[in-house]
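For reference, the structure is listed below as structure tokens.
Quick note on labels: first sequence line is chain A, next is B, and so on, each numbered from 1. When reading the values below, keep in mind they use all heavy atoms of this one structure, side chains included, and skip hydrogens, waters and symmetry mates.
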Amino acid sequence: MPGWHDATRRLQDEGQFQMVGIIQEQHPGRARLFMQWKGMSWPILVDSLNLLNTSVVPQTLAIDEHGIVRLINPDKDRIEDEFLSQRYEATPAAEAMPPGEATIPRPTVRASTGEWRAYGHYLFRWGPPGGLTDVIASYDHALALDPDDGPTHFRLGVAHRARYDSDDRQPDDFRQAVEHWEAALDIDPNNYIWRRRIQQYGPCLNKPYPFYDWVPTARAEIAARGAAPLPLGVEPGGAEFAEPAQTFVTGDETRPEPHPGNRIYQDPAELILVEALTVPTRIVAGSSTRAHLTFRPNLQRTPTGTTKPRTWSSG
Amino acid sequence: MGTERDTMRTMKALASGFRHLALIALLPVALVACEGQPSTPRDASRRSPFQVGHPFPDLTLPALQDGRPASIRDYRGQKVILHVFAAW
């Protein structure tokens, strides 16, 4: 993509076309940093739910003045001859395109699967802050009517993970996200985007994928330019970095009693909540998994036993 | 979604072991030696939802820059080079 940007900069500056991007990201802020790093300022649209229903990235499309796709994955060195210099006439299909999306009302009790899905899609993009619970409920309704709907499993996972990253997170949001992504991948094992989503949070791979290895370099280069790197709402970690490669030694030795003479601090009042999740959630003997442990203060209970509203902060 | 029993068994095992983080290294699973995965899908060209000669899907999405509704429709009258991508 930076290759396209550099190769066609003159054409862009001359106004011969508009460069646009659509990102498939759980954490869109990372794309924001990437664009800052590469000095690209063209418009980007965020499709965290994968409403485009694309199962692979990256893809490049040449779209004419009437909204018609003319080329898929064109050669950037031949784009002038094969697309920009061409004249395209409006087609009946282009003329018949419906107007933009309207407001979608909350479905009734007898609503169909499609209506619940559409409402979930709508709320995720345009709903009020704190509305992810309603998004999750909408997708839950849709899955209750059609349990084998892979895309809805994926989107329910996206919504759970988004709520996990928000102030409204629930303790099992991350686990629910992973389980729904796994359900989606069970339905369509060939979906590359769904597979990478699980791999982001899973164990390392034999051929580690550098999801976000570029982040430290980007931050250093942006800072060297005298600018402040844009913040990331959620920092990458674990399997999202291919380097440095990490190994762990396992063994069969038994540990001595880890609680000798009651000298280990306890937490009987449960002032600290621990969330534990393995990715993947189903562990096969001899396979690898990644354990995610999150420690958070539990403000719901105090040593005196009184109850206070629990406040969740993003990790 | 998986089995509740398996998940609870796993969580209990982790909860009892994590007091000393070094104990994680002794979990009876390998934390190394992972399964290989291809870096790009071999049948990528056959799995695109887009068709030459057909309209690009009419979809309104939040703009990354400011969160406002945006669509490819906004660029009618201009040729567009569209990249569908992820930052990874």
Practice problem: Identify the residue among A:E240, A:E25, A:R30 that makes a side-chain contact (heavy atoms from CB on, under 4.5 Å) with B:W88. | Solution: A:E25
Exercise. Measure distances from A:Q26 to the heavy atoms of chain B and classify the residue's part below 4.5 Å as side chain, backbone, both or neither.
Key: neither
Practice problem: State the CG-CG distance between B:L59 and A:L45, to the nearest 0.5 angstrom. | Solution: 8.0 Å
Quiz item: Any idea which heavy atoms bring A:W214 and B:A87 closest together, and the distance?
Solution: NE1-O, 2.8 Å
Quiz prompt | Distance (rounded to the nearest 0.5 Å) between A:I22 CD1 and B:F56 CZ | solution = 4.0 Å
Quiz item: Of the backbone (N, CA, C, O) and the side chain (C-beta and beyond), which part of A:S41 lies under 4.5 Å from a heavy atom of chain B, both, or neither?
Solution: backbone
Quiz item: Got a donor-acceptor contact below 3.5 angstrom from the A:W4 side chain to the B:I81 backbone?
Solution: no
Quiz prompt | Where A:R125 and B:L61 come nearest, the two heavy atoms and their spacing | solution = CD-CD2, 3.9 Å
Quiz item: chain B: which of A:D186, A:L52, A:L51 shares the most heavy-atom pairs with it under 4.5 Å?
Solution: A:L52
Quiz item: Side chain, backbone, both or neither: which part of A:L33 has an atom under 4.5 Å from a heavy atom of chain B?
Solution: neither
Quiz item: Charged N to carboxylate O below 4.0 Å: is that the case for B:K79 and A:E65?
Solution: yes
Self-check item: Residue part contacting chain B, namely of A:F83, when any heavy atom lies under 4.5 Å
Solution: both
Quiz item: Pick from A:H27, A:Q24, A:K76, A:Q12: which one has the most heavy-atom pairs with chain B under 4.5 Å?
Solution: A:Q24
Practice problem: Check each atom of A:D47 against the heavy atoms of chain B and say whether the ones under 4.5 Å are side chain, backbone, both or neither. | Solution: both
Quiz item: Has the side chain of A:R32 got a donor or acceptor atom that lies under 3.5 Å from a matching backbone atom of B:Q65?
Solution: no
Quiz item: When rounded to the nearest 0.5 angstrom, what is the spacing between CZ in B:R76 and CD1 in A:I63?
Solution: 10.0 Å
Quiz item: Angle class for the A:W42/B:F85 ring planes (parallel below 30°, perpendicular above 60°, tilted otherwise)?
Solution: perpendicular
Exercise. Take A:Q59 and B:H83 through the side-chain contact (heavy atoms from CB on, under 4.5 Å) test and state the conclusion after the steps.
Key: CA-CA 6 Å; A:Q59 296 185 75; B:H83 301 289; over 6 Å; no
Quiz item: What is the distance from atom OG1 of A:T60 to atom CZ of B:F50, rounded to the nearest 0.5 Å?
Solution: 10.5 Å
